[in-house]
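Hydrogens, waters and symmetry mates play no part in the numbers below; they use all other heavy atoms, side chains included.
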Amino acid sequence: MSENVVHLHKPTDPPTPDTAPTVLTVVPDAPPAPPTGPVPLWVRSGRAVKRAATSERTVTTVRAAARHSLYTLNGGRIVVKRTWDGRTGARYERMIRAAEAAGNLEAAEEWEERLQRFRAARHHRRMDLLHSPVEAARGVAVGAGMSGGVLVALGVAMAVNTGRAGDVITPLMATVDFIALLIRIVQVVWGPALTIGPFLALLALWSVGRKQQAAPAWALPANVRNGEGEPITPSIVVKALRDLGVPALRNAIKEMGDAGASMLGPITIAGCGVEVDVTLPSGVSTVEVQQRRRKLAENLTRHEHEVFITIPTAARTVRLWIADSGALDEPIGPSPLVTDETMTANYKTGKAPWGQDLRGDAATLSLYQRHLLITGLSNQGKTVALRSLALWLALDRSVQFLVGDLKGVGDWAMFDGLASTLIQGPTDEHVIQVTEMVEGAVTEMNRRIQAPPGTVFPPLIVLVDEAQVAFMCPAKDEDKRPYGGSKANSRYFMAVRKIHNQGRAVNVLMWQGTQDPTNENLPKLVREGAHTRASLALGTESQARMALGDKAVDGGAAPNLLRPGLDRGTLVVASDGITIPAGQSSITVRTHYIDDDAAKALTDRARALRDGVTTLHTIDKGEQRDPLADIAAVIGDAPRVRTKDVLARLATQNRDAYGGWSFIDLKRVLDDAGAEPYKSDGVMVVSRDRVARALAGRDTDGSASTD
């Protein structure tokens, strides 16, 4: 379609107050008239001018011209500055100011001594220059006399040898001819040297400026302007800090000049990035740097998630860990649990292979007598991170599990036949069942506490995933006691608190996974009772403080700055069970991903290590119990089970009926049925076959116990 054409006409008559100086006529769909002469600039197409101004070739040409011109100009400035530093004490004075700004008086005194030595040496050189003309003239005279004498002696020797007296001056004439040749060479070269010399000097200055990239960012080549993957150097870190927007820091660095690098410790390679300690000048708080993490990352040509700021033990110091561009978006590889089929676990002395830290080192976690809390936003990998720890611990055959999955989508289904109790579902009824399971663990804990001193108990892991469902449950029991909530009569809350208070001493441990923490769905006393606290991506700093505690967040922990979805499986961990760099209160871990198929294979290996576990999927609250049948149920397929394990399983199955049982109660029931316990390898055990025969004989007689 043709475009409308706008014609500008000049009036034929002289302009009057009633006539416009220019008439504008719009002619639709009219073809442009052919030009009859040169087109004035003022009627040239604005679109053409815009295209010319924004042409990629034009922009590239202007940028290249500006870049190379500024290379030469700033290269000269750099050379002048270097020359000035070499001839004066400016460098020493900058170092003194830098040391004073950093509060390092010892270094300031040392640089002042160096400055005094430099000035003394310069004074001696200047005094020598006062005497140098006389000394130089004397040296020339002596040298000329000695050289002339040598040449005359050489000429005499030649004359004696040839018998011609004229040979006495031959060496002198040869020397004069050589000097004349040098003068002619200089005369020939001098003219071109004067012409080419300035160009060579400009080329040298351009080379210096180009090497230092001494041009504005807009004039640099595209690959340099982007800075992706640019190596971290002291000058880059200092510039990033200078442009951080902290006036006191900017002024201190400005006074230091190039000596701003004195703030930096060694830049060391740390995994997939580098690490450097920055000692801030007086008047600059570490909090001011922490609060500007995004700007600092952008100044370092990195994304925000690629820069971590922590606070080491040294005063006024921040530790920067700067990742290589894109390195944190790459997977870390499979878990050793999956690749090493011979791996086993040891609850007391071993550490679970959980993932890798930011330096690329293996991150392993000790689970011995430590309550655990993992939190984060939904769909960030919380269940997988929690399950990977349980999968490792399942390879220790002594560990017992009580598992409550209040999501109920099968994430823990592979623990069927491995956990003594496995409850899966999100309803209030499931919360009631999980609460009674935790209360049963409290009864078992109390039984262990009352045991004789020195008794060693197998670890019992009480694991509740999606625990926020339990805390938010509105259901109440027949006594009007709520299952959820955080009051003194809340059943789930109080059961967890009791395990936190005393369970560690007898190896009864509480593991919880929860999402999107608040004071309502994760009470303060519960979250602070966990020894190991870990958090995936969160929404706010207040949530980060709930998840990890004030100390960890004040020390630099920032799960709220992780990217939801993109940093799935990345945890910030605060625990004494994991190796944390000295001076830090937390560590960031990228966990291994173990999918459902691999998890099932691991639980199959764990089941093969055990005698067989009968998993309960509900907590029976009925009053009519058959102790012998319950004993047979908890023994399962194992040929024999230790009596203390039978007691623990019975208490887990029904706290009200068996929570107070002792070995005497168990022995009484078995003796009455003719299935007496006996010793095997020095420990008392219950035989599956004996109990089965007793049940069969009782059923034949038609009798049953209703105890």
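Of the possible polar contacts, none joining the Glu304 side chain to the Leu561 backbone as a donor-acceptor pair under 3.5 Å is found. Listed for the Thr514 side chain is no donor-acceptor partner under 3.5 Å among the backbone atoms of Glu466. Here the side chain of Asp357 pairs a donor or acceptor atom with the backbone of Asp361 at under 3.5 angstrom. A donor-acceptor contact shorter than 3.5 Å links the side chain of His617 to the backbone of Leu422. Judged purely by atom type and a 3.5 angstrom limit, His592 uses its side chain to pair as donor or acceptor with the backbone of Gly333. The closest donor-acceptor contact from the side chain of Asp567 to the backbone of Thr570 lies at 3.5 Å or more, if one exists at all. Looking only at distances, no side-chain donor or acceptor of His371 sits under 3.5 Å from a matching main-chain atom of Leu509. Between the side chain of Asn521 and the backbone N or O of Thr518 there is at least one donor-acceptor pair closer than 3.5 Å. Not one N or O on the side chain of Arg688 forms a donor-acceptor pair closer than 3.5 Å with the backbone of Ala632. Here the side chain of Arg568 pairs a donor or acceptor atom with the backbone of Asn379 at under 3.5 angstrom.
A pairwise comparison of heavy atoms in Asp405 and Gly410 identifies OD2-N, 4.3 Å as the closest pair. Taking all atoms of both residues into account, the shortest heavy-atom contact from Leu602 to Leu337 is CD2-O, 3.4 Å. Between Ala352 and Leu389, the closest heavy-atom pair is CB-CD2, 3.7 Å. Between Thr364 and Ile578, the closest heavy-atom pair is O-CG1, 3.3 Å.
Salt bridge annotation for Asp671-Arg668: absent, with no cationic side-chain nitrogen under 4.0 angstrom from a carboxylate oxygen.
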> Going through the distances and angles, do Thr349 and Asn346 end up as a side-chain hydrogen bond (donor to acceptor under 3.5 Å, both in side chains)?
Replying inline: CA-CA 6 Å; Thr349 62; Asn346 188 302; 3.1 Å; yes

>> With salt bridge (charged side-chain N to carboxylate O under 4.0 Å, His left out) as the criterion, how do Arg642 and Asp645 come out once you've worked through the C-alpha distance, each side chain's angles and the decisive distance to 0.1 Å?
In response: CA-CA 5 Å; Arg642 292 183 295 181; Asp645 291 341; 3.3 Å; yes

>> Could you walk me through whether Asp554 and Lys551 satisfy the salt bridge (charged side-chain N to carboxylate O under 4.0 Å, His left out) test, starting with their C-alpha distance in whole Å, then the side-chain angles of each, then the deciding distance to 0.1 Å, before giving a yes or no?
In response: CA-CA 5 Å; Asp554 291 339; Lys551 179 180 179 181; over 6 Å; no

> Please walk me through it: do Asp396 and Thr344 pass side chain to side chain contact (heavy atoms under 4.5 Å, CB included)?
Replying inline: CA-CA 7 Å; Asp396 183 341; Thr344 58; over 6 Å; no

> How far apart are the C-alpha atoms of Asp596 and Arg387, what are their side-chain angles, what is the distance that settles it, and do they pass the salt bridge (charged side-chain N to carboxylate O under 4.0 Å, His left out) test?
Replying inline: CA-CA 10 Å; Asp596 291 347; Arg387 190 176 67 183; 2.9 Å; yes

> Passes side chain to side chain contact (heavy atoms under 4.5 Å, CB included), Thr591 versus Val384? Steps please.
Replying inline: CA-CA 9 Å; Thr591 59; Val384 173; 6.0 Å; no

> Between Asp477 and Arg491, does a salt bridge (charged side-chain N to carboxylate O under 4.0 Å, His left out) hold up when you go through it step by step?
Replying inline: CA-CA 9 Å; Asp477 62 12; Arg491 292 181 60 176; 3.1 Å; yes

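Counting heavy atoms of neighbouring residues, nucleotides and ligands inside a 6.0 Å radius, atom CG of Asp637 does not exceed 12 of them. For CG of Asp479, the number of neighbouring non-hydrogen atoms (other residues, nucleotides, ligands) closer than 6.0 Å is greater than 12. A 6.0 Å sphere centred on NZ of Lys351 holds more than 12 heavy atoms belonging to other residues, nucleotides or ligands. More than 12 heavy atoms of other residues, nucleotides or ligands sit less than 6.0 Å from atom CZ of Arg545. Surrounding NZ of Lys498 are at most 12 heavy atoms belonging to other residues, nucleotides or ligands under 6.0 Å away.
Side-chain contact between Tyr347 and Gln369 is present, with heavy atoms from C-beta onward closer than 4.5 Å. When side chains are defined from C-beta on, Leu418 counts as touching Arg610, because their heavy atoms get closer than 4.5 Å. For the pair Thr652 and Arg649, the minimum side-chain heavy-atom distance is 4.5 Å or more. In this structure, the side chains of Ser586 and Val573 stay at 4.5 Å or more apart for every pair of heavy atoms. Residues Thr435 and Val438 are not in side-chain contact: their nearest non-hydrogen atoms beyond the backbone lie 4.5 Å or more apart. Counting heavy atoms from C-beta outward, Met494 and Asn489 have side chains that stay 4.5 Å or more apart. Annotation: side chain of Tyr492 is not in contact with side chain of Cys473 (no heavy-atom distance under 4.5 Å). Annotation: side chain of Leu525 is in contact with side chain of Arg497 (closest heavy-atom distance under 4.5 Å).
Inspection of the Arg370 and Ser366 side chains reveals an N or O donor paired with an N or O acceptor under 3.5 Å. Side chain to side chain, Asn560 and Thr540 fail the donor-acceptor criterion of an N or O pair below 3.5 Å. Side chain to side chain, Asp689 and Ser687 fail the donor-acceptor criterion of an N or O pair below 3.5 Å. For the 3.5 Å distance criterion, the side chains of Asp516 and Gln543 qualify, holding a donor opposite an acceptor. Side-chain N/O atoms of Tyr368 and Asn507 include no donor and acceptor closer than 3.5 Å.
The distance from the CH2 atom of Trp321 to the OG1 atom of Thr310 is 11.5 Å, given to the nearest 0.5 Å.
Using cut-offs of 30° and 60° on the angle between ring planes, the pair Phe415 and Trp412 is tilted.
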